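Everything quoted here is computed from the prediction, not taken from an experiment. In this chain, numbering begins with 1 at the start of the sequence shown.
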Amino acid sequence: MKIALTCAGNDLSSPLDQRFGRAENFIVYNLDDGTFTVVDNKQNADAAGGAGVQSAQMIAKSGASALITGHTGPKAFQVLQSSGVKIYHSNAKSVAEAIEEFKGGKLKPAEDSDVNSHWV
């Protein structure tokens with residue numbers, strides 16, 4: 001199973017980015033073997049609009065079946081949910097900490113977005 005995480009850096013010790021659509025990068029982590037890839041999201045981070053939807057489409061194409069981030073807006077939430085990607089909100093300080101929270105069952109799937117469009 002692969003999970004995607006928002007990341008302000010490019011490795012597991014990097015901070016978990018609290019923004020979804022405008023996160024610097026996404027880490028797609030494979031729970032089966034502990035490997036990961038970094039997906040550059042700079043094009044959406046700097047976009048004038050539609051960052052959440054475009055980022056959500058990118059996550060859906062990555063093969064991840066779950067996303068861990070700080071917050072998601074309503075449009076991104078809808079795209080992710082319709083693509084079968086479960087969303088988890090976390091306040092973890094790092095990507096590694098968020099992965100451990102997920103593995104330990106400490107995160108619950110979000111039932112709705114938790115911020116308005118154009119947040120931050």
Side-chain angles (χ1 to χ4, degrees):
M1 174 183 177
K2 292 181 180 178
I3 58 174
L5 302 102
T6 52
C7 182
N10 58 12
D11 61 36
L12 301 181
S13 66
S14 299
L16 181 74
D17 200 322
Q18 291 298 301
R19 304 166 301 167
F20 170 65
R22 297 191 184 278
E24 178 182 325
N25 293 315
F26 299 114
I27 285 186
V28 180
Y29 183 83
N30 187 330
L31 288 170
D32 297 329
D33 61 13
T35 60
F36 67 92
T37 57
V38 178
V39 178
D40 185 338
N41 192 44
K42 286 186 179 79
Q43 68 182 24
N44 293 324
D46 297 333
V53 170
Q54 292 176 37
S55 295
Q57 292 168 339
M58 186 182 298
I59 295 301
K61 289 179 185 173
S62 76
S65 55
L67 166 73
I68 303 174
T69 186
H71 305 279
T72 50
K75 293 177 185 173
F77 192 93
Q78 185 176 21
V79 171
L80 289 162
Q81 198 168 44
S82 68
S83 299
V85 178
K86 289 187 177 180
I87 301 139
Y88 298 84
H89 294 141
S90 171
N91 291 320
K93 300 287 184 217
S94 70
V95 169
E97 183 180 324
I99 291 169
E100 290 307 313
E101 286 179 347
F102 184 82
K103 287 180 176 177
K106 295 179 180 175
L107 301 178
K108 303 292 180 213
E111 295 180 10
D112 204 350
S113 62
D114 67 332
V115 293
N116 294 326
S117 296
H118 307 288
W119 178 77
V120 180

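Linking ILVMFWY residues whenever their side-chain heavy atoms come closer than 4.5 Å, directly or via other members, places L107 and I99 in the same cluster. Hydrophobic clustering (ILVMFWY, side-chain heavy atoms < 4.5 Å, transitive): L5 and V38 are in one cluster. Clustering ILVMFWY residues whenever any of their side-chain heavy atoms sit less than 4.5 angstrom apart, transitively, puts F77 in the very cluster that holds M58. Residue L12 is grouped with residue I68 when hydrophobic side chains (ILVMFWY) are merged at heavy-atom distances under 4.5 angstrom, including chains of intermediate members. The cluster map of Ile, Leu, Val, Met, Phe, Trp and Tyr, joined by side-chain heavy atoms under 4.5 Å apart, puts I59 and M1 in different clusters.
Distance check, rounded to the nearest 0.5 Å: OH of Y29 to SG of C7 gives 13.5 Å. Interatomic distance, E100 CD to S94 OG, rounded to the nearest 0.5 Å: 9.0 Å. Taking OG from S62 and CD from Q57, the interatomic distance works out to 12.5 Å, rounded to the nearest 0.5 Å. Here F102 contributes atom CZ and I3 contributes atom CD1; the two are 5.5 Å apart, rounded to the nearest 0.5 Å. Distance check, rounded to the nearest 0.5 Å: CD1 of I87 to CG of D112 gives 9.0 Å. The NZ atom of K108 lies 11.5 Å from the CD atom of E101; values are rounded to the nearest 0.5 Å.
For the residue pair N44 and Q54, the shortest heavy atom distance occurs at OD1-OE1, 2.9 Å. When all heavy atoms of G9 and N25 are compared, the pair lying nearest together is O-ND2, 2.6 Å. When all heavy atoms are compared, the tightest approach of A98 to A92 is N-CB, 3.6 Å. When all heavy atoms are compared, the tightest approach of P109 to Y88 is N-CE2, 3.4 Å.
Side-chain contact between Q18 and N91 is present, with heavy atoms from C-beta onward closer than 4.5 Å. A heavy-atom distance below 4.5 Å is not found between the side chains of T6 and R19. Side-chain contact between E97 and L16 is absent, with no heavy atoms from C-beta onward closer than 4.5 Å. Side chains of T72 and L67 form a contact here, defined as non-hydrogen atoms less than 4.5 Å apart.
D17 places no side-chain N or O within 3.5 Å of a backbone atom of T69 that could act as its donor or acceptor partner. At least one donor-acceptor pair closer than 3.5 Å links the side chain of S14 to the backbone N or O of D11. Counting only distance, with no hydrogens or angles, the side chain of N41 and the backbone of G21 share a donor-acceptor pair below 3.5 Å.
Between F20 and F26, a ring centre-to-centre spacing shorter than 6.0 Å is recorded.
Among residues two or more places apart in sequence or in another chain, the salt bridge (charged side-chain N to carboxylate O under 4.0 Å, His left out) test is passed with K86 by none.
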